[in-house]
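Numbers here are sequence positions counted from 1. Computed from heavy atoms alone, side chains included, the values below leave out hydrogens, waters and symmetry copies.
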Amino acid sequence: MYKNIKHVVVVGGGTAGWLVAANLAKQFNSKSPGALKVTLVESPTVPSVGVGEGTWPTMRKTLANLGIKETDFIRYCNASLKQGTKFVDWHNKSAADHYYHLFTSIFDPSEFNLAPYWQLGKLGRDFTYAEAVSVQGEICDLNLSPKTITNREYEGMQNYAYHLDAALFAKMLTEHSTQVLGVNHIRADVEHCKLTKNGCIEAIQTKQGHIVEGEFFVDCTGFRAKLIGETLKVPFKPINDVLLTDHAVTIQIPYQPEDDEVSSCTLSTAQEAGWIWDIGLASRRGTGYVYSSNHTSHERAEQVLRDYLGPQAEGLDARRIPMQLGYREKFWHKNCLAVGLSASFVEPLEASAIFLIEASANMLTKLLPANTAGLALSEKMFNESFSFRYHKTVDFIKMHYLLSNRKESFWTDNKQPDTIPKSLQMKLEQWQSRPLNDYDFDNVYEPFPLESYQYVLYGMGFKQDLIQREMQYSEVARAQHSCAQVQQIKSKLRDQLPTNRELLEKLRDYEFQAI
């Protein structure tokens, strides 16, 4: 017999659990009598991984939809504004080797694509691709903010996302979800799940004696995957044959001096057996070395990170985190959905983890049926959509390694043909003789758009033979004018934008005013 879905139980807290619970409660108005009830059961003893500190611009819409003020979020979560990622030493092991993956291009490449003109040398030889199409690289070089104090909340002069403290973010979501949105919060450890005759979850029982019944359950228990894995036995498929990293070692480091500049981008620096992230928050830096234990020792990895940080790292504790890269064969199974680490994990090279949580939470609010009769169709739709997003994310991250010219064994092993997804191989082969275009990205659920691929491909020195099609690109004057406009806008923004540090300090005493 089919049941109405009246109660959704989210098991596990952290960013994943609380974003799902908050989105459900907001969408279904859970604080009102008779509305969908949302309960989050969170262990008081198991800590979250808590190192996901980078987001995508989608987070602005997520926060606004939840009714959270941007100023409050920035203050509470020690957040700063992010405009992209700077990749250092990825193409070659050279102090001068870097490129940007930015959030903003001045001109939409689907309307007028400057890339072939740049590749053919029609824009001059003094510009990198990023410099030819965007102002954000220079803004990041100068540590400038994408907005001023007078811009509306969640609006700026350039596209932007955030760096945030993951632990503080989860705490803020907890307070907002329970106090404003009507989420019921139980602090307890799940002991086991009770199943129905057809294998659905009927209730969870905790060590503290709670029995929490529901019609739908969301597994946000991290790598433990207590519901989707332990209880429902959905297999986990590793991808260590494609992406070779399996550990991270992290160190949080204070600014020295305290008023040091706050970076406007994530810094990703290639190393002998992986890469180091360096994220500037308002009051500290979060750093970590993502590496392959098959290509270096744990001790060596920690030393590489400490050498990168220099004397400032002396006496600071390091934390080692094993990483299980892979995904569930099904993300949604019967009346259970896995979100976050219980569903999948890809190394944090492009800060995709929180985005995939956002995407899952949004899809759940749209696909959750009114009664259990609709579960099977929603399951199919979700699994197809999320599988597409996940595998496209893996392709995009693998592309960074594949295009590198570094000679250490970790990097050459990443270029072995049997580690490269066929879908990525096919795209790169096609792009050697033609520009990227909209038809390469025709799915609404593409996680990385055409612009993102162009930034990485051309930043990593990907060459295209376009000579045979040179006559096709006849709007040279328009292309040169567009490039000149980009340079003019750079000059204006340099004079208008404060530094990230200046803006964050103003926010301590200033509320954004709606205009």
Below 4.0 angstrom, N of the basic side chain to O of the carboxylate: do Lys69 and Glu153 qualify? no
Under a 4.0 Å threshold between the charged nitrogen and the carboxylate oxygen, would Arg284 count as salt-bridged to Asp260? no
salt_bridge(Glu272, Lys407) N-O dist < 4.0 Å: no
Go through the side-chain N and O atoms of Asp246 and Ser293 and say whether any donor and acceptor fall under 3.5 Å apart. yes
If we ignore angles and hydrogens, is there a donor and acceptor under 3.5 Å between the side chains of Gln454 and Asn113? yes
For the rings on Phe386 and Trp332, is their centre-to-centre separation under 6.0 Å? no
Between Lys330 (side chain only) and Val234 (backbone N and O only), is there a donor and an acceptor less than 3.5 Å apart? no
Within the 3.5 Å criterion, strictly below it, is a donor on Asn443 or Lys392 matched to an acceptor on the partner's side chain? no
Can the ring centroids of Tyr289 and Trp275 be said to lie less than 6.0 angstrom from one another? no
Between Glu384 and Lys380, is there a side-chain N and carboxylate O pair less than 4.0 Å apart? yes
Using salt bridge (charged side-chain N to carboxylate O under 4.0 Å, His left out) as the criterion, point out the one residue from Lys147, Arg60, Lys61 that pairs with Glu70. Lys147
Any side-chain donor paired with an acceptor under 3.5 Å for Tyr160 and Thr104? no
Please say whether the positively charged group of Arg285, taken as NZ for Lys or CZ for Arg, lies over the ring of Tyr255, i.e. under 6.0 angstrom from the six-membered ring centre and within 45 degrees of the axis. no
No-hydrogen, no-angle side-chain donor-acceptor test under 3.5 Å, His98 and Asp89: no
Quick check on the 6.0 Å ring-centre criterion: do Phe388 and Tyr445 meet it? no
Under 6.0 Å between ring centres, would you say that holds for His91 and Tyr99? no
If we check ring pair (Phe, Tyr, Trp, His ring centres under 6.0 Å) with Tyr453, which of these qualifies: Phe396, Tyr129, Phe462, Tyr458? Phe396
Phe112 and Tyr117: aromatic ring centres closer than 6.0 Å? yes
Which value, rounded to the nearest 0.5 Å, describes the distance between Ser360 atom OG and Phe382 atom CZ? 4.0 Å
Taking the six-membered ring for Trp and the full ring for Phe, Tyr or His, determine whether the centres of Tyr401 and Trp411 are under 6.0 Å apart. yes
